Engineer: 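I am attaching a structure below and will ask some questions about it afterwards.
Quick note on labels: first sequence line is chain A, next is B, and so on, each numbered from 1. Bear in mind that the values here come from a model prediction, so they are computed numbers and not experimental data.
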Number of protein chains: 2
Amino acid sequence: MNITTKSKYAVRALVELARRNSDVPVPLIVLAEARGIPSQFLEQLFSALRRAGILQSFRGVYGGFSFNRPPDQITVLDIVEILDGPIEPAVCTSDDACDKRAICSVGDVWVQAKLSVEEVLSGVTIQELALRESSLDGASMYYI
Amino acid sequence: MNITTKSKYAVRALVELARRNSDVPVPLIVLAEARGIPSQFLEQLFSALRRAGILQSFRGVYGGFSFNRPPDQITVLDIVEILDGPIEPAVCTSDDACDKRAICSVGDVWVQAKLSVEEVLSGVTIQELALRESSLDGASMYYI
DNA sequence: TGTAATCCTGACTGAATAGGTGAGGTTTTG
DNA sequence: CAAAACCTCACCTATTCAGTCAGGATTACA
């Protein structure tokens, strides 16, 4: 299972949501248009994130999404695992996928690759990405 | 592009070839059967590895494959890149895949993940894997 | 020369996954 | 009741995966 556009889109939309730092829910369509994401596709993703406890949703007029967990406690790995499932950069990394583990050291290589990806992705939060973007576009916050 | 069974099969077969340490070519069917790999599938993979300069092939009776480069100079990353293409654990990691790099710091995360996988896979050679296996199954070499 | 062993290659295929779209339903506000 | 928003399930098309098939080319040896 690869890391697909699901995670890519979701992370971008979450960063957008974090940057707005709104105390009222933000409608999904707003996030989708701001980042060029197909809105019906994003609906599926945000629905899954809500069920997973990452987001809160509010229906009806003035409805939308807001974080259910602070964005500095949401890692990119969290998002990837919810939307794309466990990371498996290669086969043979899950417990029972390979019946030859006892006599085959090759699998260790794929496991190491998996672990290193998890380490990178679990080391970055949505909050951090939002801050990085803020410092990128303008950096005016430091000079006003 | 994920890491597929192509790389998995190829690495296993190459480790088998390295362990035989034969000075005559080893027929592909022998390697395939030793490791439970569909032989016609492995043919495609070994063909590609030969074209890439990793293997030598010899046709006809007593033909087979042998290394064209010493197995301690063949990394797992070499094999993966030949058979599965450049590693892209996520989208947005190749140069022109994302048109928003200038304003989007999110891509950096995927690039870091890609680099960490490359680092792991380029740090392991076929020779090392062959030696690890030898020390695994029996370790009798130390006691006879 | 014939035959068996072996590599070589391109076409094909069934199943799964990726990346969405469509249609309609439910909830809330005014 | 209308509009805005979320919710959900079914569907769809293109691509990729993991091979299989069929046949050809080369070599060793009897």
Side-chain angles (χ1 to χ4, degrees), chain A residues 1-13 17 22 24-33 35-52 54-66 68 80 83-92 97-98, chain B residues 1-13 17 22 24-33 35-52 54-66 68 80 83-92 97-98:
Chain A
M1 189 77 74
N2 220 348
I3 300 175
T4 70
T5 55
K6 288 185 187 177
S7 296
K8 168 183 168 179
Y9 283 158
V11 168
R12 293 209 306 207
L17 181 59
S22 170
V24 297
V26 179
L28 179 141
I29 187 72
V30 171
L31 302 173
E33 287 180 354
R35 296 279 175 160
I37 302 168
S39 67
Q40 299 202 60
F41 194 36
L42 190 58
E43 272 190 309
Q44 293 178 19
L45 311 180
F46 267 34
S47 237
L49 294 179
R50 178 187 54 77
R51 285 191 290 270
I54 302 286
L55 293 173
Q56 270 184 302
S57 67
F58 303 91
R59 291 176 153 197
V61 179
Y62 301 120
F65 288 88
S66 56
N68 189 40
V80 169
L83 297 179
D84 286 325
I87 288 184
E88 306 215 16
V91 290
C92 220
C98 182
Chain B
M1 190 76 74
N2 220 349
I3 301 175
T4 70
T5 55
K6 288 186 187 178
S7 295
K8 167 183 168 179
Y9 283 158
V11 168
R12 293 207 307 205
L17 181 58
S22 169
V24 298
V26 179
L28 180 140
I29 187 72
V30 172
L31 302 173
E33 287 180 353
R35 297 280 175 159
I37 302 168
S39 66
Q40 298 202 59
F41 193 37
L42 189 58
E43 272 190 308
Q44 294 178 16
L45 311 180
F46 268 35
S47 239
L49 294 178
R50 178 186 55 77
R51 285 190 290 269
I54 301 286
L55 293 173
Q56 271 183 301
S57 66
F58 302 90
R59 290 177 153 195
V61 179
Y62 300 120
F65 288 88
S66 56
N68 189 40
V80 170
L83 296 178
D84 284 326
I87 288 184
E88 305 214 16
V91 289
C92 220
C98 182

Engineer: Would you mind telling me which residue lines up with the more 5' stretch of DNA chain D, A:Arg51 or A:Tyr62, judged by nearest nucleotide?
Structural biologist: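 With A:Arg51 and A:Tyr62 compared, the 5'-side residue is A:Tyr62.
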Engineer: Would you kindly give the CG-to-P distance between B:Asn2 and D:dC17, to the nearest whole Å?
Structural biologist: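 Distance, rounded to whole Å: 7 Å.
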Engineer: Got A:Leu83 and A:Tyr9 here, is their nearest side-chain heavy-atom distance under 4.5 Å?
Structural biologist: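 Heavy-atom side-chain distance check fails, nothing below 4.5 Å.
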Engineer: Apply side chain to side chain contact (heavy atoms under 4.5 Å, CB included) to A:Gln56 and list each qualifying residue two or more places apart in sequence or on a separate chain.
Structural biologist: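 Listed in chain order: A:Phe58, A:Ser66, A:Asn68.
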Engineer: Tell me: CD of A:Glu33 to P of D:dA4, nearest whole Å?
Structural biologist: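 A:Glu33 atom CD is separated from D:dA4 atom P by 13 Å.
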Engineer: How close or far is atom P of C:dG22 from atom CD of A:Glu43, stated in whole angstroms?
Structural biologist: 13 Å
Engineer: Should B:Tyr9 be listed as having a side-chain N or O under 4.0 Å from OP1 or OP2 of D:dA18?
Structural biologist: no
Engineer: Nearest-nucleotide wise, let me know which of A:Gly60 and B:Ser39 is further upstream toward the 5' end of DNA chain D.
Structural biologist: A:Gly60
Engineer: To the nearest Å, give me how far apart CZ (B:Phe58) and P (C:dA4) are.
Structural biologist: 25 Å
Engineer: Report yes if the side chains of B:Leu31 and B:Ile37 come closer than 4.5 Å at any heavy-atom pair, otherwise no.
Structural biologist: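 Sidechains of B:Ile37 and B:Leu31: no contact.
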Engineer: With a 4.0 Å cutoff (strictly under), does any side-chain N or O of B:Ser47 reach OP1 or OP2 of C:dC7?
Structural biologist: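 No, outside the criterion.
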Engineer: Contact class for A:Phe46 vs. all strands (heavy atom < 4.0 Å): base, sugar-phosphate, or nothing?
Structural biologist: nothing
Engineer: Find which nucleotide of DNA chain C each of B:Pro27 and A:Val61 is nearest to by heavy atoms, and output the residue with the more 5' nucleotide.
Structural biologist: B:Pro27
Engineer: Distance check: side-chain N/O of A:Thr5 vs OP1/OP2 of C:dG19, anything under 4.0 Å?
Structural biologist: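 Answer yes for this pair, as a side-chain N or O of A:Thr5 is under 4.0 Å from OP1 or OP2.
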Engineer: Starting from C1' on D:dA5, measure out to CZ on A:Phe65 and report it in whole angstrom.
Structural biologist: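 So the CZ-C1' distance, A:Phe65 to D:dA5, works out to 9 Å.
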Engineer: Given side chains that start at C-beta, do those of A:Phe46 and A:Leu55 come closer than 4.5 Å, heavy atoms only?
Structural biologist: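 Yes, their side chains come closer than 4.5 Å.
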Engineer: Which residue, B:Gly63 or B:Gln44, contacts DNA chain C at a nucleotide closer to its 5' end, judged by nearest heavy atom?
Structural biologist: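 Its nearest nucleotide lies further toward 5', so the answer is B:Gly63.
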Engineer: Mind calculating the distance between CD (A:Gln56) and P (D:dC7) to the nearest angstrom?
Structural biologist: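 Between P of D:dC7 and CD of A:Gln56: 11 Å.
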Engineer: B:Asp84 and side-chain hydrogen bond (donor to acceptor under 3.5 Å, both in side chains): which partner among B:Thr5, B:Thr4, B:Asn2?
Structural biologist: B:Thr4
Engineer: Can you tell me the distance, in whole Å, between the CG atom of A:Leu83 and the P atom of C:dG19?
Structural biologist: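 Distance, rounded to whole Å: 12 Å.
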Engineer: Is the phosphate of D:dT8, meaning OP1 or OP2, less than 4.0 Å from a side-chain N or O of A:Arg50?
Structural biologist: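 Affirmative; the distance criterion is met.
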Engineer: Is B:Thr4 close enough to D:dT16 that one of its side-chain N or O atoms is under 4.0 Å from OP1 or OP2 there?
Structural biologist: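 So the side-chain polar atoms of B:Thr4 never come under 4.0 Å of the phosphate oxygens OP1 or OP2 of D:dT16.
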Engineer: A:Arg59 CZ to C:dT26 P: how many Å, rounded?
Structural biologist: 9 Å
